[in-house]
Amino acid sequence: MVTLGKTINIQGELYEIVRTVTITKGMIPGDIIEGLKRKWHAEKTYIKDNTYYFVNEIKTITIEDERPDQIEH
């Protein structure tokens with residue numbers, strides 16, 4: 001189980017998980033998926049092993065430890 005708020009790598013792109021929905025069988029109709037995406041402010045949805053992942057793309061990452069103005073001398 002992937003924890004909400006964690007990042008995942010899908011085809012070389014980083015995403016933050018907004019919500020997950022696990023179903024036992026069948027598919028959720030597309031109009032319901034679109035409604036849930038709007039409600040949860042998710043940009044994309046992926047499915048794997050009966051779990052839908054509602055995600056947002058991570059566009060910028062700042063590594064705080066490597067910022068020159070914060071390095072102690």
Side-chain angles (χ1 to χ4, degrees):
M1 176 71 184
V2 178
T3 307
L4 302 181
K6 295 290 184 176
T7 58
I8 56 174
N9 186 322
I10 301 173
Q11 298 175 344
E13 299 291 333
L14 288 177
Y15 295 93
E16 178 182 17
I17 298 173
V18 177
R19 299 280 177 138
T20 60
V21 175
T22 302
I23 56 171
T24 53
K25 69 178 197 177
M27 300 291 284
I28 299 174
D31 56 335
I32 293 175
I33 293 292
E34 289 302 315
L36 291 174
K37 280 172 57 178
R38 283 191 301 277
K39 180 178 180 172
W40 293 331
H41 306 284
E43 297 172 338
K44 297 182 180 186
T45 305
Y46 293 97
I47 185 171
K48 180 180 179 188
D49 300 329
N50 295 328
T51 300
Y52 284 84
Y53 295 87
F54 293 81
V55 299
N56 287 326
E57 184 177 359
I58 298 173
K59 297 180 180 18
T60 305
I61 297 176
T62 302
I63 301 173
E64 294 294 328
D65 294 339
E66 294 185 9
R67 290 180 52 195
D69 59 331
Q70 293 184 354
I71 296 175
E72 294 182 24
H73 298 281

Rounded distance [0.5 Å steps], CD1 in Ile33 versus CD1 in Ile28: 4.0 Å

Asn56 side-chain N/O to Glu43 backbone N/O, donor-acceptor pair under 3.5 Å: yes

For Ile47, side-chain contact (heavy atoms from CB on, under 4.5 Å) partners two or more places apart: Met27, Tyr52

Taking every non-hydrogen atom, the tightest pair across Tyr15 and Lys44: OH-NZ, 3.4 Å

Partners passing side-chain contact (heavy atoms from CB on, under 4.5 Å) against Leu36 (at least two apart in sequence or in another chain): Ile32, Trp40, Phe54

Spacing of Lys48 atom NZ and Thr20 atom OG1 [to the nearest 0.5 Å]: 14.0 Å

For the student: nearest non-hydrogen atoms of Asn50 and Thr24, plus distance: ND2-O, 3.9 Å

CD1 on Ile8 to CD on Glu16, rounded to 0.5 Å: 10.5 Å

Glu13: salt bridge (charged side-chain N to carboxylate O under 4.0 Å, His left out) partners, not counting sequence neighbours: none

Arg19 CZ to Lys37 NZ distance, which is reported to the nearest 0.5 Å: 15.5 Å

